[in-house]
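What follows is a single structure, written as structure tokens, with notes after it.
The figures that follow rest on heavy atoms only: side chains count, while hydrogens, waters and symmetry mates do not.
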Amino acid sequence: QVQLVESGGGLVQPGGSLRLSCAVSGSGFSSRGMVWHRQAPGKQRELVATITPASITRYADSVKGRFTISRDNAKNTVYLQMNSLKPEDTAVYYCVAGRPAGPLSLGTYDSWGQGTQVTVSS
């Protein structure tokens, strides 16, 4: 199991940008798929974006064209660049690491971060 620490959340005005980071300690980062989820108060948890070890990405329709997931294997870190933020993006954002798997696979979920709050409000 690995440890995940998210950072970069905060309060931003509509239309603004934030970049979330998820630092992963432990072995095998470059072989792990990584996922960002979010959960807003009173709502179900939502998958936001995924990135495989080969850096193949996928996005929820609600964030496509506005959010970008990326990874830096040298830093054992995955990022979520969020642009054109909307009030409905307000949520706690969680980073998830998959178990080591093939380059095109996310793997089964291994560890979750503690979450970072993103609030979009004027």
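With Glu6 contributing its side chain and Cys22 its backbone, the two residues share no donor-acceptor pair below 3.5 Å. In this structure a side-chain-to-backbone donor-acceptor pair under 3.5 Å is missing from Arg32 to Gly107. A donor-acceptor pair under 3.5 Å is formed between the side chain of Thr90 and the backbone N or O of Val120. Listed for the Thr52 side chain is a donor-acceptor partner under 3.5 Å among the backbone atoms of Pro103.
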- Is there a side-chain contact (heavy atoms from CB on, under 4.5 Å) between Thr77 and Val24 once you walk through the steps? CA-CA 6 Å; Thr77 300; Val24 181; over 6 Å; no
- Message: Test side-chain contact (heavy atoms from CB on, under 4.5 Å) on Thr119 and Val12; report intermediate values, then the result.
- Response: CA-CA 6 Å; Thr119 303; Val12 63; over 6 Å; no
- What do the steps show when you test Phe29 against Val2 for side-chain contact (heavy atoms from CB on, under 4.5 Å), and what is the final call? CA-CA 9 Å; Phe29 175 80; Val2 293; over 6 Å; no
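No hydrogens or angles considered: a donor-acceptor pair under 3.5 Å links the side chains of Glu46 and Ser62. With hydrogens and angles left out, the side-chain atoms of Asn83 and Ser17 include a donor and acceptor closer than 3.5 Å. Side chains of Ser84 and Arg66: no donor on one and acceptor on the other come within 3.5 Å.
Contact between Pro53 and Ser30 at its shortest, heavy atoms only, is CB-O, 3.3 Å. Closest approach of Asn76 and Asn73 over heavy atoms only: OD1-O, 3.1 Å. Among all heavy-atom pairs drawn from Tyr59 and Thr68, the shortest one is OH-CA, 3.4 Å.
With rounding to the nearest 0.5 angstrom, the CD1 atom of Ile69 is 12.5 Å from the CD atom of Gln81. Within the model, atoms OG1 of Thr50 and CG of Leu106 stand 4.5 Å from one another, a figure rounded to the nearest 0.5 Å. Expressed to the nearest 0.5 Å, how far CD1 of Ile56 lies from OG of Ser105 amounts to 10.5 Å. Atom-to-atom distance recorded for Trp36:CH2 and Leu80:CG is 6.0 Å, nearest 0.5 angstrom. To the nearest 0.5 Å, atoms CD1 (Ile51) and CZ (Arg71) are separated by 5.5 Å. Here the straight-line distance linking atom CG of Leu4 with atom OG of Ser111 works out to 6.0 Å at 0.5 Å rounding.
A 4.5 Å side-chain heavy-atom check between Val63 and Arg38 finds at least one atom pair inside the cut-off. Contact annotation: the side chain of Cys95 approaches that of Val78 to within less than 4.5 Å [non-hydrogen atoms, C-beta and beyond]. The closest side-chain heavy-atom distance from Leu47 to Arg58 is not below 4.5 Å.
Val92 is not connected to Leu18 by any chain of hydrophobic side-chain contacts under 4.5 Å among Ile, Leu, Val, Met, Phe, Trp and Tyr, and they are in different clusters.
Partner of Tyr93 under the side-chain contact (heavy atoms from CB on, under 4.5 Å) criterion, chosen from Gln39, Met82, Gln117: Met82.
Taking the ring centre of Tyr79 as origin, the terminal cationic atom of Arg19 falls inside the region bounded by 6.0 Å and 45° from the ring axis.
Contact check on Asp61 versus Lys64 returns a salt bridge, with a Lys/Arg side-chain nitrogen under 4.0 Å from an Asp/Glu carboxylate oxygen.
The aromatic rings of Tyr94 and Trp112 stand perpendicular to each other, their planes meeting at an angle above 60°, with 30° marking the opposite boundary.
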